[in-house]
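All remarks here apply to the structure that follows.
Numbers here simply count residues along the sequence, with the first being 1. Atoms considered below: every heavy atom in the structure, side chains included; atoms not considered: hydrogens, waters and symmetry mates. Because the structure is predicted, anything quoted here is derived from the model rather than measured.
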Amino acid sequence: MDYVSALVPPVVMAAFFIALIVVIVKTQGGSNKAKEDAYLDAQEAKRSESA
């Protein structure tokens, strides 16, 4: 039964990693995309002005 305790942590981490990737992919685009793009454009404009 040692193999079960050896395999559980990587399987749990893999499941959380896959869930994280799914959340990241699902939150790309959508209704917030234009707002996020506008914010990043404003930050880049500020940075280029101050440089």
Side-chain angles (χ1 to χ4, degrees):
M1 290 301 282
D2 285 341
Y3 65 92
V4 174
S5 62
L7 289 176
V8 168
V11 169
V12 170
M13 285 189 287
F16 277 111
F17 182 73
I18 291 169
L20 176 66
I21 297 301
V22 168
V23 168
I24 289 172
V25 169
K26 283 189 175 190
T27 57
Q28 297 300 308
S31 60
N32 289 330
K33 183 168 177 40
K35 200 168 28 171
E36 292 170 358
D37 288 346
Y39 175 77
L40 289 175
D41 290 342
Q43 293 301 317
E44 287 176 7
K46 279 185 192 176
R47 184 172 296 153
S48 65
E49 287 173 2
S50 64

For this session: Indicate if V25 and F17 have the same hydrophobic cluster label, given that clusters are the connected sets of ILVMFWY residues with side-chain heavy-atom separations under 4.5 angstrom.
Result: yes

For this session: Output all residues satisfying side chain to side chain contact (heavy atoms under 4.5 Å, CB included) with E44, sequence neighbours left out; order by chain, then residue number.
Result: D41

Exercise. Is it the case that one hydrophobic cluster holds both V12 and L20, taking links as side-chain heavy atoms less than 4.5 Å apart, direct or via other members?
Worked result: no

Problem set entry | Hydrophobic cluster identity match, M1 and V11, side-chain contacts under 4.5 Å | no

